[in-house]
Amino acid sequence: MGYTLVYLSLIVLIPLATLVVKTAELSPGELWALATSRRAIASYQVTFGASLVAALVNAAFGTAIAWALVRYRFPGRALVDAIVDVPFALPTAVSGLALTAVFAPTGWIGRWLAPLGIQAVFTPLGITLALIFIGLPFVVRTVQPVLEDLEAEVEEAAAVLGATRWQTLTRIIVPALTPALLTGFALAFARAIGEYGSVVFISGNKQFETEITPLLIMTRLEQFDYAGATALALVMLIVSFAMLLAINGLGAWARRRAGHA
Amino acid sequence: MGAPARGARMMETRGIAAPLAAAATDEPAWVRRIVIAVAIAFVGAFVLVPLAAVFAEAFKAGLAAYGRAITDPAALSAVKLTFLAAAIAVPLNVVFGIAASWAIARFRFPGRSILTALIDLPLAVSPVIAGMVFVLLFGKQGLIGPWLTGHGIQVIFALPGIVLATTFVTFPFVARELIPVMEAQGAEEEEAAIVLGATGWQTFLRITLPKIKWGLLFGVVLCTARAMGEFGAVSVVSGHIRGRTNTLPLHVEILYNEYEYQAAFAVASLLVVLALASLVARRIIGRRVEAT
Amino acid sequence: MKRLLPALLVVAAACSKEPAGAGKDARDIALLNVSYDPTRELYTAVNAAFARDWEARTGQRVTIEQSHGGSAKQARAVIDGLEADVVTLGLAYDVDAIARTGLIDADWATRLPAHAAPFTSTIVFLVRKGNPRAIRDWDDLVRPGISVITPNPKTSGGARWNYLAAWGYALRRGGDAQARRFVAQLYRNVPVLDSGARGATTTFVERGIGDVLIAWESEALLALDKLGKDKVELVVPSVSIRAEPPVAVVDRNVDRRGTREVATAYLQFLYSPEGQGLAAQSFYRPRDPANQPAGFPAIQLFTIDDLGGWSRAQPMHFADGGVFDQITAK
């Protein structure tokens with residue numbers, strides 16, 4: 001117990017507290033000004049906007065993938081099931097490098113997009129693509145087990161009682177999946193807002209347009225602007241912690257739902 | 001993130017739905033095909049194609065060039081440093097993970113839920129911030145950096161800084177895997193052992209460890225994979241000294257910046273192989289976790 | 001268990017406490033050169049040549065370790081404790097930033113010849129093969145529809161020279177107001193701001209983005225050499241800036257590590273005929289008038305001092321809220 005606390009303090013709490021101590025050197029007014037500068041606000045918009053879109057795309061496609069994996073048998077199913085975890089296991093720098101190579105106008109997928117006038121790399125679209133990549137396993141792997149545990153009897157009962165497939169889907173399956181779906185969405189979103197490694201390779205890193213907050217923190221650091229960096233880091237830290245509490249709350253809700261069902 | 005373990009289990013018992021109910025328990029064939037096609041296309045475009053691209057670029061200039069790239073002294077020293085950092089960070093987090101999950105699963109104490117949330121915190125903190133806090137703490141302009149420098153101890157831009165940053169980002173993995181395992185397993189057998197006169201250490205080795213070993217191993221695999229692949233946090237504290245403080249992911253970036261694209265992808269392919277190996281290990285161990 | 005963590009940290013600390021120079025022979029010595037992005041090839045060659053030279057003169061074996069990155073980022077690392085013996089950065093402002101913390105003595109720029117910049121370069125353009133957008137001079141970069149690639153001057157030292165070259169060109173055509181309009185138009189044509197010079201070159205050449213890359217002459221010639229003349233070609237503007245990347249011994253670090261003598265010799269080696277020749281091979285313009293190889297295009301050059309020096313240019317253009325922030329803000 002004592003060990004747990006000492007180690008937690010040494011590795012996590014003291015370093016993070018340093019951040020708070022550093023920001024305490026600023027007056028609240030200065031802190032507010034730094035955290036809400038136009039460039040910072042623009043970077044929040046890019047970060048949270050792209051993360052939100054990516055998490056939504058993952059929620060939709062991740063659920064479809066989980067559904068296909070659990071309910072259907074098709075050639076290549078085992079392979080799809082296995083490689084869904086790749087984005088989680090792959091170092092982010094490699095992910096960024098690989099995605100840039102593929103989606104660049106000279107890349108395997110980018111060359112089909114370029115004639116359509118779609119430029120993926122170095123645009124907000126590129127950031128979103130990278131965030132979709134890294135967030136994919138979170139939705140699939142939270143929805144999948146819940147789908148597996150859904151009891152076929154309930155659906156059969158609904159069918160016997162005369163429900164159409166659409167009714168069964170909207171009245172039985174969707175409500176049962178909602179907590180897991182929300183948790184997966186929140187996990188993907190939380191992961192996306194902090195992502196750095198894969199995004200810097202594929203993003204244009206242009207202020208007000210394609211500059212994500214972690215990159216702005218890095219930029220501030222490189223300009224010897226520690227106050228600016230810590231102010232932004234504090235904002236990110238608070239958001240991260242709030243996301244964590246939300247995810248844990250969702251988890252508790254999901255368990256309660258499961259208990260009642 | 002414990003979810004992938006459960007993903008290994010498939011519901012083989014399904015599909016015995018009564019034929020009369022088929023209309024309401026199954027989708028029309030065209031829906032089925034579309035969903036399957038979407039799943040394959042999405043995973044293919046986002047995961048399979050980028051992976052293939054890494055290998056295609058890595059072998060573009062032939063096998064010999066690939067061999068040269070991964071046996072270059074700077075690449076080898078990056079491999080060594082990467083494994084060394086993981087070899088220190090992972091055991092630290094294993095010991096912590098066991099202690100923390102024990103405390104959380106076995107005891108009710110004030111602040112228990114806060115502790116659980118704090119363990120997860122490194123997962124949610126941006127890696128850049130993770131690196132930055134260590135610079136703020138141990139850097140020359142940092143809080144205790146000047147004191148350390150005075151005693152000839154270099155933390156940032158040296159191995160200890162890389163180890164600390166790695167430990168920080170991989171902090172939650174073992175604990176997160178073990179907490180549910182320990183909670184599910186209950187304390188009765190341990191209590192029985194203590195009553196029968198076993199010491200705490202004996203109880204741990206004979207009763208607890210055998211029961212948690214697969215969960216533990218699973219956590220170790222996750223932790224190791226992440227430790228070897230971390231980029232953002234390590235990049236901030238590394239100093240990028242070629243042959244000394246470059247880990248594999250950082251070496252990839254450096255080669256890329258030297259127009260050595262083929263070499264960059266060759267080294268990246270090593271990391272892909274490590275990642276795939278960790279996935280295979282996870283699936284095998286995941287099945288054992290299910291079995292126990 | 002409790003003792004394990006401190007023990008491991010001590011072991012880790014001990015590993016790194018071992019002086020960098022420790023080797024088989026107690027007389028072996030190691031230097032750390034913290035440099036900016038586009039000097040990788042240059043210092044690979046210089047380090048090998050200097051090691052040979054030093055061993056021949058003193059019998060001592062020296063290995064030089066390299067760290068590369070954006071100039072400002074590298075300066076920050078040194079300020080935060082990266083134990084550089086020498087810094088070889090993209091612009092004097094970054095060395096001054098280190099000097100302000102006391103790590104380098106304030107008179108560093110006068111301790112070596114030619115403002116402590118052993119070689120120079122200038123800013124030129126790379127365009128696609130055949131120059132399809134007909135780019136000849138600075139004015140062509142602000143034409144509507146031209147896509148210009150240049151890194152972010154807030155993070156890249158090299159990019160500040162790019163920016164100031166454009167500024168200086170426009171300044172010669174009119175006053176501050178005209179220059180401001182010119183760079184504003186120029187940066188409106190920039191779709192990607194990479195954080196470093198190398199990233200920008202990769203974006204342009206490898207990823208095929210943009211019509212023109214503003215680059216250091218050394219970087220442009222190297223890209224032509226390494227990536228093929230079939231993809232891109234060089235365009236030399238009518239006027240450009242003389243880029244002077246400075247070098248300095250990090251006084252406090254060499255005094256503690258006892259490496260001042262070899263570190264100073266290392267920097268002086270850059271001024272030797274051999275060092276100047278290697279600079280020329282890496283497409284930098286040597287200082288030595290007797291050692292001017294053919295192949296460098298003739299350009300009319302102005303210097304940073306014509307723009308008031310770094311002490312004026314840096315806060316005016318690149319500080320938060322400075323001209324660059326104003327022109328890129330929407």
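Below, chains carry the letters A, B, ... as their sequence lines are ordered, and counting in each starts from 1.
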- Is a side-chain donor or acceptor of Q74(C) paired with a backbone partner of G239(B) at a separation under 3.5 angstrom? no
Checklist entry - Taking the side chain from Q141(B) and the backbone from I79(C), do they hold a donor-acceptor pair closer than 3.5 Å? => result yes
May I ask you to check whether over 12 heavy atoms, not counting those of [X], lie within 6.0 Å of atom [atom1]?
| X | atom1 | value |
| --- | --- | --- |
| K231(C) | NZ | yes |
| K226(C) | NZ | yes |
| R112(B) | CZ | yes |
| K80(B) | NZ | no |
| F55(B) | CZ | yes |

Any side-chain heavy atom of [X] within less than 4.5 Å of one from [Y]?
| X | Y | value |
| --- | --- | --- |
| V135(B) | R76(C) | yes |
| V34(C) | I241(B) | no |
| D80(C) | F157(B) | yes |
| H68(C) | H240(B) | no |
| E260(B) | R40(C) | no |

Assert top hit (heavy-atom pairs under 4.5 Å, partner chain B, pool G81(C), A223(C), G199(C), A197(C)) equals G81(C)
Whatever's closer than 4.5 Å to a heavy atom in chain C on Y261(B) counts as side chain
If one checks every heavy atom of I254(B) against chain C at 4.5 Å, the contacting part turns out to be both
CG (L32(C)) and CZ (R244(B)) are apart, to the nearest 0.5 Å, by 6.0 Å
inquiry  = Walk me through whether L82(C) and K140(B) qualify under side chain to side chain contact (heavy atoms under 4.5 Å, CB included).
reply    = CA-CA 9 Å; L82(C) 183 58; K140(B) 214 168 199 137; over 6 Å; no
So R242(B) and E65(C), side chain to side chain contact (heavy atoms under 4.5 Å, CB included) or not? Walk me through it. CA-CA 7 Å; R242(B) 207 178 172 133; E65(C) 295 177 299; over 6 Å; no
